Amino acid sequence: MGCQSTGTGGKVGHVNTYSLADGDAPWIRNGEPIQFEGEQWYPADGVESFLDSEMHRMGEYRGVQFFVDKVDVRPYDRLYTKFDRHKFRFFEKRISE
């Protein structure tokens with residue numbers, strides 16, 4: 001018996017998996033921020049590798065789920081959206097000069 005993949009999110013074996021959008025949403029590609037906890041988080045030109053089990057879903061913004069690394073604590077350093085299998089685009093706050 002092996003693990004069964006649902007392909008649309010849910011569980012693989014006993015591990016939560018998150019659905020994968022068909023590419024980045026246009027607002028992300030346009031550099032628009034996620035508004036979360038009264039702050040704006042801007043998409044960066046990079047992705048990081050995580051297993052879905054290493055991420056904690058914080059909510060949804062404009063139809064896109066967003067996450068934090070499970071080991072991160074408030075105040076968070078980065079937010080993430082799922083970009084590809086085991087790839088998450090990160091979002092950061094811009095520091096005012």
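Because the structure is predicted, anything quoted here is derived from the model rather than measured. Throughout, residue positions are numbered sequentially from 1 according to the sequence presented.
- From K93, atom NZ reaches atom CD of Q40 across 12.0 Å, with rounding to the nearest 0.5 Å.
- Scanning for side-chain hydrogen bond (donor to acceptor under 3.5 Å, both in side chains) contacts around Q35 gives an empty result, with sequence neighbours left out.
- Considering only heavy atoms from C-beta on, H86 comes within 4.5 Å of L51 through its side chain.
- Side chains of V64 and I28 form a contact here, defined as non-hydrogen atoms less than 4.5 Å apart.
- Going from atom CE of M55 over to atom CG of D72 covers 9.5 Å, rounded to the nearest 0.5 Å.
- Follow the hydrophobic side-chain contacts under 4.5 Å out from V68 and you reach F66 in the same cluster.
- In this structure, M58 and F36 approach most closely via the heavy-atom pair CE-CZ, 3.7 Å.
- A heavy-atom distance below 4.5 Å is not found between the side chains of T81 and Y61.
- Taking the side chain as every heavy atom from C-beta outward, D52 and F88 approach each other to under 4.5 Å.
- Listed by chain and number, the residues in a side-chain contact (heavy atoms from CB on, under 4.5 Å) with E37 are R74 (sequence neighbours excluded).
- Closest non-hydrogen pair, A44 versus R89, comes out as O-NH1, 2.8 Å.
- The ring pair (Phe, Tyr, Trp, His ring centres under 6.0 Å) test applied to F50 returns Y80, not counting sequence neighbours.
- For CG of D45, the number of neighbouring non-hydrogen atoms (other residues, nucleotides, ligands) closer than 6.0 Å is 12 at most.
- Inter-residue side-chain proximity for W41 and P33 is flagged as unmet; no heavy-atom pair is nearer than 4.5 Å.
- Taking each heavy atom of K87 and S49 in turn, the nearest pair found is NZ-OG, 2.9 Å.
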Practice item. Would you please test F67 and Y18 for side chain to side chain contact (heavy atoms under 4.5 Å, CB included) and show each step? Key: CA-CA 10 Å; F67 309 86; Y18 299 108; 3.4 Å; yes

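- Residues passing the ring pair (Phe, Tyr, Trp, His ring centres under 6.0 Å) test with F90, sequence neighbours excluded: none.
- Every side-chain contact (heavy atoms from CB on, under 4.5 Å) that R62 has, sequence neighbours left out, goes to W27, E32.
- Applying the ring pair (Phe, Tyr, Trp, His ring centres under 6.0 Å) criterion to Y76, with sequence neighbours excluded, gives no partner residue.
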